[in-house]
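As the structure lists them, so they are numbered: ligands from 1, and atoms in each ligand from 1.
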Amino acid sequence: MTNRICEVLGIQYPIIQGPMSWLTNAELVAAVSNAGGLGILGPNAGQTELTTDPIETAERMRREIKKVRELTDKPFGVTLIGSNGEFSSVFTLKILDVVVEEKVPVVLINSFGKDGHYGVEQGLLEPCKKHGIKMIVRSLQPSIADARKCEEQGASVYVATGFDEGGTMPGVAIGTFSIVPMIRDAIKMPLAVAGGICDARTVRAAFALGAEAVFCGTVFLAVKESPCAQNVKELIVKSTAEDLSFFRAPMDYYRSLPTAICPQLVENDLNLPAEEAKQANGKVMGGVGGMRLGMLLGDLEHGYVSVGNGVSLIHEVRSVKEVVDELMVDYK
Ligand SMILES: Cc1cc2nc3c(=O)[nH]c(=O)nc-3n(C[C@H](O)[C@H](O)[C@H](O)COP(=O)(O)O)c2cc1C
């Protein structure tokens, strides 16, 4: 089966692996693309240590892009983190230069999606258009206004993200089941859906609601090719959504499987005013560094384990191909 999203991205099956900070690398991305989907290199792809140098950040991404090319000749993508305004960060612009130089066919752009900042910022839009790079846009705050702006700008795919997702969650608590038809009715452009999609049933539901592709993160954590720590993969396999702690954190909300810092995160959420709770929890979590600690290094004392509500549907550690084959069973 093919559809508009498969055609525009040059992929066999309508499944996209979402970027996950620290938790993607060339092996994972190439495995997804080789299985017929679209793999995407996320922030800090293939890394174990942080760098604060924008040039080194971009060169690390170049090395990871080259590794992907050694493992697959299929299309793949790279993430460009949007800003909360009109101006892209120096890190993002350096990575965009590498994307252009290395002729990466697809980028995933995070739009901001609120306070009047909708769609793709100019600093990213114009170079992508000029070089024919396909733009998948996933807003951190999905909204009708944001989706319409992306359509008007000529983005290739819009991703509607429901509140079931893993990672940094939107401030507006609209579940996947409700946001997909809402955005579907607002735009005509190709639409993918993220949040809670971890098995063939949830893929069917997404398509029934009007999506043309699924965009998955959590299900690609507990796979053999993922750089996620082995103890975290095992924790994911034995957990359900009932095990998740839920709390305010920058930018808005977060979930974590139980780690030693979770009681403090929940307590701050319950006892502090909203903004104070976010700031306090940002410190306890150590920013995105906490994801590296908890999920990449498997330190369940000091880090956190961010997954979506679909965690209940993951029962074993499988290969990427087994996961894609199961989720795409109706599209073969
Ligand atoms: C551990 C983790 C880290 C993530 N990091 C990022 C990120 O750096 N940038 C981004 O755009 N999305 C990030 N996401 C969101 C995913 O790309 C994807 O949209 C989301 O996981 C989809 O929901 P699901 O987890 O229910 O499949 C992350 C998700 C997870 C689980």
Side-chain angles (χ1 to χ4, degrees), residues 15-25 28-29 32 37-45 47 57 61 77-83 91-92 95 107-113 135-142 157-170 175-177 179-180 192-199 202-203 205-206 211 213-223 226-229 232-233 235-236 239 241 244 249-251 253-257 259 285 287-296 298 303-314 323 327:
I15 180 164
I16 303 166
Q17 163 255 311
M20 292 177 281
S21 194
W22 297 105
L23 297 157
T24 66
N25 59 19
L28 175 72
V29 167
V32 175
L38 186 86
I40 299 179
L41 290 169
N44 308 302
Q47 304 306 313
T57 301
M61 188 58 85
V78 167
T79 302
L80 300 175
I81 303 177
S83 70
F91 287 86
T92 299
I95 291 177
V107 288
L108 180 276
I109 297 175
N110 296 126
S111 56
F112 190 60
M135 290 175 279
I136 304 174
V137 187
R138 193 181 79 81
S139 176
L140 299 172
Q141 309 285 344
V157 177
Y158 189 76
V159 185
T161 309
F163 206 62
D164 294 292
E165 72 154 332
T168 306
M169 293 155 59
T176 305
F177 216 83
I179 203 162
V180 183
V193 51
I197 295 151
C198 289
D199 70 359
T202 42
V203 172
V214 290
F215 189 99
C216 306
T218 298
V219 79
F220 288 117
L221 288 169
V223 288
S226 158
C228 194
V232 172
K233 291 182 188 175
L235 181 64
I236 289 173
S239 298
L244 286 161
M251 296 180 30
Y253 296 102
Y254 237 89
R255 296 189 179 93
S256 174
L257 288 175
T259 70
M285 293 165 76
V288 288
M291 201 176 277
R292 169 183 166 275
L293 211 55
M295 301 185 72
L296 187 69
Y304 57 90
V305 176
S306 164
V307 297
N309 280 336
V311 67
S312 322
L313 313 177
I314 301 170
V323 169
L327 269 63

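Scanning the protein for heavy atoms near atom 14 (N) of ligand 1, the closest one is Pro19 O, 3.2 Å. With respect to atom 26 (O) of ligand 1, the closest heavy atom belonging to the protein is Gly196 N, 2.7 Å. For atom 11 (O) of ligand 1, the closest non-hydrogen atom on the protein side is Asn110 ND2, 2.8 Å. For atom 8 (O) of ligand 1, the closest non-hydrogen atom of the protein is Ser21 N, 3.3 Å. The shortest contact between atom 4 (C) of ligand 1 and any protein heavy atom is with Met20 CA, 3.4 Å. Considering only non-hydrogen protein atoms, atom 15 (C) of ligand 1 sits nearest to Arg138 NH2, 3.6 Å. Scanning the protein for heavy atoms near atom 18 (C) of ligand 1, the closest one is Phe215 CE2, 3.9 Å. Considering only non-hydrogen protein atoms, atom 1 (C) of ligand 1 sits nearest to Ser306 O, 3.5 Å.
Separation of atoms OH (Tyr253) and CZ (Phe163) is listed at 6.0 Å; rounding is to 0.5 Å.
Residue contacts with ligand 1 include Leu23, since one of its heavy atoms falls under 4.0 Å from the ligand. The shell of residues lying under 4.0 angstrom from ligand 1, judged by heavy atoms, includes Pro43. Remark: distances from the non-hydrogen atoms of Cys216 to ligand 1 include one below 4.0 Å. Not a single heavy atom of Thr79 sits closer than 4.0 Å to an atom of ligand 1.
In terms of heavy atoms, Ser312 sits closest to Ala241 at OG-N, 3.0 Å.
With a 4.0 Å heavy-atom cut-off, ligand 1 is reached by no atom of Thr161. At a heavy-atom distance under 4.0 Å, atoms from both the backbone and the side chain of Thr218 approach ligand 1.
Between the side chain of Thr24 and the main chain of Pro19, no donor-acceptor pair closer than 3.5 Å is present.
By the 3.5 Å distance cut-off applied to N or O atoms, Gly217 is counted among the residues near ligand 1. When only interatomic distances are considered, the shortest N/O to N/O separation between Gly166 and ligand 1 falls below 3.5 Å.
Applying the 4.0 Å criterion to heavy atoms of Gly18 picks out, from ligand 1, the atoms 17 (O).
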